[in-house]
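Read the structure below first, then the notes.
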Amino acid sequence: QVQLVESGGGLVQPGGSLRLSCTAAGFELDAYAVGWFRQAPGKGREGISSISKSAGRKYYADFVKGRFTVSRDIAKSTVYLQMNNLEPEDTALYYCGARTTLPGMSDWWDEGKYDYWGQGTQVTVSS
């Protein structure tokens with residue numbers, strides 16, 4: 001079965017940090033660009049960040065710039081999202097998606113461009 005698996009979510013206080021991981025089952029994640037998305041209760045899924053297959057291109061939504069960092073470890077076939085200075089507004093279910101095409105400025109945030117998805121990991125920021 002082909003799927004992505006997210007991990008690393010949890011409950012954290014405002015100002016805290018979490019690192020999310022995205023791995024793949026049934027295919028080689030290294031052959032895909034990966035995007036991170038999130039969905040808060042009552043809202044649509046929104047793009048947070050995306051990283052190309054080679055890690056040469058990285059994109060971020062304005063609301064996470066300077067706080068979140070995307071990276072990938074080729075040896076471990078894992079993509080990470082380091083989240084610092086978390087805010088209550090960051091509370092959401094976080095997903096990773098994989099795509100065969102190179103993400104660009106015009107479409108890295110477009111969930112329709114991603115071929116595979118995980119089930120998500122919950123991030124809750126609360127005191």
Side-chain angles (χ1 to χ4, degrees):
Q1 184 177 1
V2 176
Q3 67 177 25
L4 297 175
V5 179
E6 303 93 342
S7 62
L11 173 64
V12 64
Q13 293 185 341
S17 299
L18 285 174
R19 188 177 76 161
L20 305 184
S21 299
C22 175
T23 58
F27 67 99
E28 291 295 327
L29 191 60
D30 299 343
Y32 293 78
V34 174
W36 285 98
F37 293 74
R38 70 186 186 187
Q39 186 167 16
K43 296 186 177 180
R45 192 178 298 188
E46 59 182 357
I48 302 169
S49 182
S50 186
I51 185 168
S52 63
K53 185 172 59 174
S54 68
R57 295 189 183 187
K58 299 178 183 180
Y59 301 96
Y60 297 94
D62 287 344
F63 55 83
V64 301
K65 281 182 180 176
R67 299 191 298 127
F68 291 10
T69 303
V70 66
S71 63
R72 67 191 307 161
D73 186 329
I74 302 298
K76 295 183 179 180
S77 293
T78 301
V79 173
Y80 301 102
L81 184 68
Q82 177 67 44
M83 306 187 296
N84 298 328
N85 195 21
L86 284 161
E87 304 167 351
E89 294 74 21
D90 295 316
T91 294
L93 189 60
Y94 283 68
Y95 300 88
C96 62
R99 59 186 282 175
T100 57
T101 54
L102 183 67
M105 280 293 290
S106 64
D107 72 355
W108 69 263
W109 44 267
D110 184 354
E111 62 180 296
K113 300 290 188 180
Y114 293 79
D115 305 297
Y116 302 114
W117 293 93
Q119 295 299 309
T121 185
Q122 178 67 38
V123 172
T124 302
V125 185
S126 175
S127 55

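Residues take their numbers from the sequence shown, with the count starting at 1. Worth saying up front: this structure is predicted, and the values here are computed from it rather than measured.
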_Partner of R38 by salt bridge (Lys or Arg N to Asp or Glu O under 4.0 Å), out of E111, E89, E46_ = E46
*asked:* One pair to check against side chain to side chain contact (heavy atoms under 4.5 Å, CB included): V5 and C22. What are the steps and the verdict?
replied: CA-CA 6 Å; V5 179; C22 175; over 6 Å; no
Is any side-chain heavy atom of [Y] closer than 4.5 Å to one of [X]?
| X | Y | answer |
| --- | --- | --- |
| T91 | V123 | no |
| Y80 | D73 | yes |
| I48 | Y94 | yes |
| V79 | L29 | yes |
| P14 | P88 | yes |
| D90 | R67 | yes |

Can you get from [X] to [Y] by hopping between Ile, Leu, Val, Met, Phe, Trp and Tyr side chains that sit under 4.5 Å apart?
| X | Y | result |
| --- | --- | --- |
| V64 | M83 | yes |
| Y59 | V70 | no |
| W109 | M105 | yes |
| F63 | L20 | yes |
| L81 | W108 | no |

_side chain to side chain contact (heavy atoms under 4.5 Å, CB included) for Y60 and T69? Distances and angles first, verdict last._
CA-CA 8 Å; Y60 297 94; T69 303; 3.8 Å; yes
_From P103, C96, S52, S49, residue fulfilling side-chain contact (heavy atoms from CB on, under 4.5 Å) relative to V34_ =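 Answer to the side-chain contact (heavy atoms from CB on, under 4.5 Å) test with V34 among P103, C96, S52, S49: C96.
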*L102 side, atom CG; K113 side, atom NZ - distance, nearest 0.5 Å*: 12.0 Å
*So how far is it from I74 CD1 to D30 CG, rounded to the nearest 0.5 Å?*
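Separation between the atoms: 4.5 Å.
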*NZ/NE/NH1/NH2 to OD/OE distance under 4.0 Å, D107 and R99*: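 Yes, this pair counts.
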*Sorted by first residue and then second, give each side-chain hydrogen bond (donor to acceptor under 3.5 Å, both in side chains) pair with at least one member in residues 3-28; sequence neighbours left out.*
S17-N84
Write down the atom of [X], the atom of [Y], and the distance for their closest heavy-atom approach.
| X | Y | result |
| --- | --- | --- |
| Q122 | T124 | NE2-OG1, 3.4 Å |
| K43 | Q39 | O-NE2, 3.0 Å |
| A24 | L4 | CB-CD2, 3.9 Å |

*asked:* Can you confirm whether more than 12 heavy atoms, excluding those of K58, are under 6.0 Å from its NZ atom?
replied: yes
*Pairs in or reaching into residues 13-37: which pass ring pair (Phe, Tyr, Trp, His ring centres under 6.0 Å), with residues at least two apart or in two chains?*
F27-Y32, F27-Y116, Y32-Y116, F37-Y114, F37-W117
